[in-house]
Protein chains: 2
Amino acid sequence: MTKTPISASEGVLQGLPDEAKAPAGLSDVSAEDLLLLDRQICFSLHAASRAFNSVYRVVLKELGLTYPQYLVMLVLWEHGELPVKRLGEYLRLDSGTLSPLLKRLEAAGLVRRERSAEDERSVRVHLTDAGADLREQALTVPRRIAAATGFDLGEIRDLRARLDRLTLALDAAALEGVPVCE
Amino acid sequence: MTKTPISASEGVLQGLPDEAKAPAGLSDVSAEDLLLLDRQICFSLHAASRAFNSVYRVVLKELGLTYPQYLVMLVLWEHGELPVKRLGEYLRLDSGTLSPLLKRLEAAGLVRRERSAEDERSVRVHLTDAGADLREQALTVPRRIAAATGFDLGEIRDLRARLDRLTLALDAAALEGVPVCE
DNA sequence: AGCCATTCAGTTGTGCACAACTTAATTGTG
DNA sequence: CACAATTAAGTTGTGCACAACTGAATGGCT
């Protein structure tokens, strides 16, 4: 089956029966309504993430990169050579994800991996010449994506700020354990 | 390696060198800066999606559901029995994703699948009693997630609206082909 | 009726995310 | 120094996302 999205106005993205428009606390809303709302916010984030991913997929195909590989390359273009550990911190990815991904980038001739001499546990990831050169082509990517979103720079920054705030809150909650009952 | 996120203020989530604070058009910004910005918005969305996912993972574990399975159940609780096709439209997922997922839900005893009598191509997905009963437990989920985000209802709705707008724009761009050069 | 295009679900193969685990190197402490 | 704890990277297994494909059922068209 191929992707035949129904328009966003039907299906998932329609509005809630907006009973509670005021900046109400969550406690004013019934568990039933919250389940509806949850469906909607879940879907929105999930769908946005996948839509983004899918636009990038198209653009990145001509660079021979997947979206996560592009993220790795972006970090390398910015920071140059660095250990897998650091890469994982920047990208919030663990070695279980990065190891095979880096292996594929290495097979593609874009990066090189070498055990660090000082600390034999650490593996440093370098750009090859081909990997460094790929940046030229990548320079055209963001403008095309931005054009696809139709957002201006201010909106993009604003959205980013909100998402970061969300991520921070969620990470904090995850660390101290999600409330069991509330 | 386990997830040891660096705080968002270091690492990925720091601000841009905000040269262009005005609601500037994208054309005013250099390709170099856009690549930086791209790194940031990519990361933000990717990270938010994964942070969200990971909080849900914790909460949903006690229901025995993964996040995508929860999304499917949300649709079923709302709409009752419906064909795989519709499910895919609501969730924007194709059969390649849904078929195995539904098979797992069926194995877990939460849904039943039956070929439609009128149209033998179609498979209708039903809730089992266990699947319907699970909704009781699920009612507590959204409040706990919302608490974890620290967002109030207004903010959640606002973010959702922005994400939906983004998704719409991205889908539209994807349909008519992403701009090749711009 | 006969045939072709379409539709629906499913399968296969690739890649990512993550938990749980392994192995090897390093660090800290008695 | 010895040895336990920690750290870095990698491996394994599960599940999701998606492209490309298969196969069966359906609908339209002549």
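A note on names: the letters A, B, ... follow the listed sequences, proteins ahead of strands, and every chain is numbered from 1.
In this structure, CZ of R57(B) is placed 8 Å from C1' of dA19(C), rounded to the nearest angstrom. E114(B) places its CD atom 14 Å from the P atom of dA9(C), with the value rounded to the nearest Å. What separates CG of L87(B) from P of dA9(C) is a distance of 9 Å, to the nearest Å. Per the geometry, CG belonging to L101(B) stands 15 Å off C1' belonging to dA17(C), to the nearest Å. The CZ-P distance, from R115(A) to dA24(C), rounds to 11 Å in whole Å. The distance from atom OH of Y56(B) to atom P of dA17(C) is 20 Å, rounded to the nearest whole Å. For the pair D119(B) CG and dT6(C) C1', the computed distance is 12 Å after rounding to whole Å. The distance from atom CG of D94(B) to atom P of dC18(D) is 7 Å, rounded to the nearest whole Å.
K61(B) comes within 4.0 angstrom of no nucleic acid atom, judged by non-hydrogen atoms across all strands. Contacts of T97(B) with the nucleic acid, taken as non-hydrogen atoms under 4.0 Å apart, include base atoms. R113(A) comes within 4.0 angstrom of the backbone, heavy atoms only, and of no base.
Ring centroids of H46(B) and F52(A) are separated by 6.0 Å or more, keeping the two rings apart.
At dT11(D), none of the side-chain N or O atoms of S95(A) fall inside 4.0 Å of OP1 or OP2 (strictly under the cut-off). Taking only side-chain nitrogens and oxygens, S99(B) comes nearer than 4.0 Å to OP1 or OP2 of dG10(C). Regarding contacts with the backbone of dT11(C), a side-chain N or O of K103(B) is found under 4.0 angstrom from either OP1 or OP2.
Among residue pairs with one or both ends in residues 126-139 of chain B, those qualifying as salt bridge (Lys or Arg N to Asp or Glu O under 4.0 Å) are E32(A)-R135(B); sequence neighbours excluded.
If you find the closest nucleotide of DNA chain C to R121(A) and to Q69(A), the one lying nearer the 5' end belongs to Q69(A). Heavy-atom distances to DNA chain D give each of A117(B) and L71(B) a nearest nucleotide, and the one nearer the 5′ end belongs to L71(B). Nearer the 5' end of DNA chain D, as judged by each residue's closest nucleotide, is the contact made by L98(A), out of L98(A) and P100(B).
Taking the side chain as every heavy atom from C-beta outward, L134(A) and Q137(A) approach each other to under 4.5 Å.
The pair R86(B)-E89(B) meets the salt-bridge criterion, with a side-chain N (NZ, NE, NH1 or NH2) lying under 4.0 Å from an Asp/Glu carboxylate O.
With distances taken from any side-chain atom of P83(A) to the nucleotides dA9(D), dT26(C), dA17(C), the minimum falls on dA9(D). Checking dA9(D), dT26(C), dA17(C) against every side-chain atom of E120(A), the shortest atom distance belongs to dT26(C).
Aromatic ring pairs are classed by plane angle as parallel below 30°, tilted from 30° to 60° and perpendicular above 60°; the pair Y56(B) and Y67(B) is tilted.
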